[in-house]
> 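Would you mind keeping the following structure in view while I ask a few things?
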2 protein chains.
Amino acid sequence: MTQHDRRIDKTQKALKSALIKLMEEKDMRQITVTEIVKEADVNRGTFYKHYEVKDDLLEATIHEVIESLIQAYRHPYLNKETFTMKDLSASKIKLFEHVAANADFYRVIMLHPSVLPGFQNRLCEVLKKLSIQDLMFIHNMGTIDVDLQASYQSHALFGMIFEWVKGGFKYTPEHMAQQLLEILSNQPFSSGYQTILNK
Amino acid sequence: MTQHDRRIDKTQKALKSALIKLMEEKDMRQITVTEIVKEADVNRGTFYKHYEVKDDLLEATIHEVIESLIQAYRHPYLNKETFTMKDLSASKIKLFEHVAANADFYRVIMLHPSVLPGFQNRLCEVLKKLSIQDLMFIHNMGTIDVDLQASYQSHALFGMIFEWVKGGFKYTPEHMAQQLLEILSNQPFSSGYQTILNK
DNA sequence: TTATAATTGTTGATTTAACAACATTTCAGT
DNA sequence: ACTGAAATGTTGTTAAATCAACAATTATAA
């Protein structure tokens with residue numbers, strides 16, 4: 001079992017936040033380790049105890065956000081074999097709460113995509129995998145290509161997040177989740193999905 | 001000379017913030033050391049390295065805020081023998097900035113005064129001393145009792161801060177300072193003060 | 001009242017972070 | 001191309017914070 005020393009979490013968190021903050025101003029290549037530790041209010045030597053190079057910190061930062069996203073999304077499904085409308089709603093709320101909790105990060109991703117080229121697609125990949133798991137629950141017996149549908153849904157979800165971040169988080173996570181569910185149920189020709197959800 | 005180890009500042013800051021946060025919920029007597037260190041995410045043993053009892057932390061917290069207030073107020077006067085309208089304005093801006101920077105603390109003071117009985121008066125005392133120093137600059141040769149005038153001004157200033165905090169900091173520090181100066185110059189019968197300021 | 005739980009101080013061993021100093025590398029401006 | 005400055009890695013020492021465990025005190029409830 002891993003010893004949990006809070007000092008480790010604190011410094012790593014400080015370094016990650018510092019990196020995100022600096023990414024709002026400048027490109028990754030222009031950010032120096034010295035700048036990061038200054039922003040994080042941490043000794044430079046401490047940085048090298050945790051990470052060998054700058055990109056290690058970046059990767060750790062991204063990894064943490066993505067893991068948090070997955071956990072948030074899956075949380076309502078924990079230890080469940082069937083899932084109801086409520087679980088679906090709770091999952092979306094958790095998702096938007098996650099985005100709000102990592103607002104600084106998502107602001108960088110959405111408003112300065114060139115800082116982390118390709119990350120938007122990486123994010124959609126994650127959302128797609130989560131969507132696929134949702135679709136598995138629904139036992140779609142039709143002729144719909146799961147990948148196509150999942151890609152459709154994940155990018156749509158990304159779009160909602162994008163709009164939310166761009167607009168400065170003007171709505172609550174609950175409101176965003178509700179909007180999403182209403183959009184889903186108002187799709188033209190939507191029938192099978194609806195019948196499953198309404199019960 | 002004191003060694004400046006950031007860890008000391010960090011933990012003390014964490015403990016102070018935790019205390020302020022807890023004071024928004026409950027009375028000082030109901031707050032335990034265990035609660036504080038949990039909120040501050042600090043080991044309990046660490047608390048006792050810095051403070052012997054709860055009230056030491058409280059006193060340190062208050063002391064820091066008051067010192068910060070005094071420094072903010074005096075900052076524009078540093079190394080000056082005369083002072084102009086600009087310095088006066090800058091001083092008030094700094095003051096309101098200080099309040100905004102310590103918003104959590106002032107929210108407790110203003111909205112839950114019973115948590116720290118008598119502190120509002122203590123705050124006014126500080127403001128009064130600062131006011132007296134201002135009045136010294138002006139060489140008031142008249143028959144005005146300096147203590148009376150300073151008390152008048154300091155409580156008035158307190159009132160503005162009170163209104164600002166209570167309203168949820170809806171205005172900027174600059175706007176608050178400007179309002180104060182306009183109120184000052186619009187006092188009925190104000191003449192001497194005005195002629196000094198306008199130049 | 002008594003029992004149970006929670007909080008309090010205190011301790012010692014261990015780990016992490018701070019600091020300062022260093023040689024090296026990279027960068028920017030002349 | 002040259003030079004001073006900035007950034008990078010690395011090191012050893014020191015000091016702070018963690019953790020766990022403890023007895024003692026204080027609340028809380030049965």
Side-chain angles (χ1 to χ4, degrees), chain A residues 1-64 108 112 114-117, chain B residues 1-64 67 108 114-117:
Chain A
M1 192 58 191
T2 316
Q3 282 268 20
H4 246 75
D5 195 318
R6 332 180 189 213
R7 286 174 290 186
I8 296 176
D9 292 335
K10 287 177 190 173
T11 52
Q12 289 186 354
K13 187 178 175 184
L15 288 170
K16 286 170 186 167
S17 299
L19 177 63
I20 292 171
K21 190 162 189 179
L22 290 174
M23 282 197 298
E24 290 190 28
E25 304 167 11
K26 49 179 89 173
D27 198 318
M28 193 62 193
R29 285 185 46 194
Q30 304 165 18
I31 299 174
T32 68
V33 172
T34 304
E35 272 180 315
I36 295 172
V37 297
K38 185 184 173 188
E39 176 70 37
D41 195 23
V42 159
N43 189 279
R44 193 159 53 83
T46 307
F47 176 94
Y48 292 105
K49 279 189 184 154
H50 295 274
Y51 311 102
E52 294 203 350
V53 291
K54 225 172 26 182
D55 286 317
D56 289 350
L57 173 61
L58 174 63
E59 191 48 47
T61 305
I62 292 174
H63 183 263
E64 188 182 76
V108 172
H112 312 287
S114 60
V115 173
L116 281 183
Chain B
M1 189 60 190
T2 316
Q3 282 270 20
H4 246 75
D5 195 319
R6 334 181 189 210
R7 285 174 292 185
I8 296 175
D9 293 336
K10 287 178 191 174
T11 52
Q12 289 187 354
K13 187 177 174 184
L15 289 170
K16 287 169 185 168
S17 300
L19 177 64
I20 292 171
K21 191 161 189 180
L22 290 173
M23 283 197 300
E24 289 191 30
E25 304 167 11
K26 49 179 88 173
D27 198 318
M28 194 62 193
R29 285 185 45 195
Q30 304 166 16
I31 300 174
T32 67
V33 173
T34 305
E35 272 180 315
I36 296 172
V37 298
K38 185 184 173 189
E39 176 70 37
D41 194 23
V42 158
N43 190 279
R44 195 160 51 84
T46 307
F47 175 93
Y48 291 104
K49 280 188 182 156
H50 294 274
Y51 311 103
E52 294 203 349
V53 292
K54 223 173 27 181
D55 287 316
D56 289 350
L57 173 61
L58 174 62
E59 192 49 47
T61 305
I62 292 174
H63 183 263
E64 188 181 77
E67 282 306 308
V108 172
S114 60
V115 173
L116 281 184

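Naming: A, B, ... by sequence-line order, numbering from 1 per chain. For the numbers below, each heavy atom of this structure counts, side chains included, while hydrogens, waters and symmetry mates do not. No experiment lies behind these values; they were computed from the predicted model shown.
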> Quick one, A/Y51 and A/V33 - any side-chain contact, counting heavy atoms below 4.5 Å?
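No; the side chains remain at least 4.5 Å from each other.
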> Can you see if the side chain of B/K10 gets near the phosphate of C/dA18 - specifically, an N or O under 4.0 Å from OP1 or OP2?
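Yes.
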> Please list residues of residues 26-45 of chain A whose heavy atoms come under 4.0 Å from any atom in DNA chain D, ordered by number; otherwise none.
A/T32, A/V33, A/T34, A/R44
> Who pairs with A/E24 by side-chain contact (heavy atoms from CB on, under 4.5 Å), at least two apart in sequence or on another chain?
A/D104, A/R107, A/V108
> Keeping to residues at least two apart or across chains, list the side chain to side chain donor-acceptor pair (under 3.5 Å) pairs with something in residues 53-63 of chain B.
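Residue pairs with at least one partner in residues 53-63 of chain B: B/E59-B/R122.
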> Does anything in residues 48-59 of chain B reach DNA chain D, meaning a heavy atom under 4.0 Å, and if so which residues?
B/K49, B/H50
> I'd like to check A/L116 versus A/L58 (side-chain heavy atoms, cut-off strictly below 4.5 Å). Are they in contact?
yes
> Find the distance A/L15:CG to C/dT16:P and express it as a whole number of Å.
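A/L15 atom CG is separated from C/dT16 atom P by 15 Å.
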> Got a second to check how far B/L22's CG is from B/I31's CD1, nearest 0.5 Å?
5.0 Å
> Measure the angle between the two terminal helix axes of the helix from C/dT1-D/dA30 to C/dT26-D/dA5, five base pairs each, and quote it to 10°.
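Terminal axis comparison yields 60°.
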> So does A/R7 reach the base of D/dA17 with its side chain, donor to acceptor, closer than 3.5 Å?
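Pair found.
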> Around A/E52, counting heavy atoms of other residues, nucleotides and ligands shown, do more than 12 lie under 6.0 Å from its CD?
no
> Might you point out which heavy atoms bring B/V37 and B/T34 nearest each other, and give the distance in Å?
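So the two residues come closest at CG2-O, 3.1 Å.
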> Does the side-chain contact (heavy atoms from CB on, under 4.5 Å) test come out yes or no for A/D27 and A/H112, once each step is laid out?
CA-CA 9 Å; A/D27 198 318; A/H112 312 287; over 6 Å; no
> Just how far, in rounded Å, is P of C/dT16 from CZ of A/R6?
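To the nearest whole Å, that distance equals 15 Å.
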> How many Å lie between CG on B/D9 and P on C/dA17, as a whole number?
17 Å
> Would you indicate whether the side-chain heavy atoms of B/D9 and B/H4 approach each other to under 4.5 Å?
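Yes - at least one pair of side-chain heavy atoms lies under 4.5 Å apart.
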> Separation of B/D5 atom CG from C/dA18 atom P, in whole Å?
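Roughly 7 Å, once rounded to whole Å.
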> Out of curiosity, B/I20 CD1 to B/I36 CD1, how far, rounded to the nearest 0.5 Å?
11.0 Å
> Name the atoms and distances for all side-chain donor-acceptor pairs under 3.5 Å in residues 10-18 of chain B, with sequence neighbours left out.
{"residue": "B/K10", "atom": "NZ", "partner": "A/D41", "partner atom": "O", "Å": "2.7"}
{"residue": "B/T11", "atom": "OG1", "partner": "B/R7", "partner atom": "O", "Å": "3.0"}
{"residue": "B/T11", "atom": "OG1", "partner": "B/I8", "partner atom": "O", "Å": "3.1"}
{"residue": "B/T11", "atom": "OG1", "partner": "B/H50", "partner atom": "NE2", "Å": "3.4"}
{"residue": "B/Q12", "atom": "NE2", "partner": "B/H50", "partner atom": "ND1", "Å": "3.1"}
{"residue": "B/K16", "atom": "NZ", "partner": "B/E64", "partner atom": "OE2", "Å": "2.9"}
{"residue": "B/S17", "atom": "OG", "partner": "B/K13", "partner atom": "O", "Å": "3.0"}

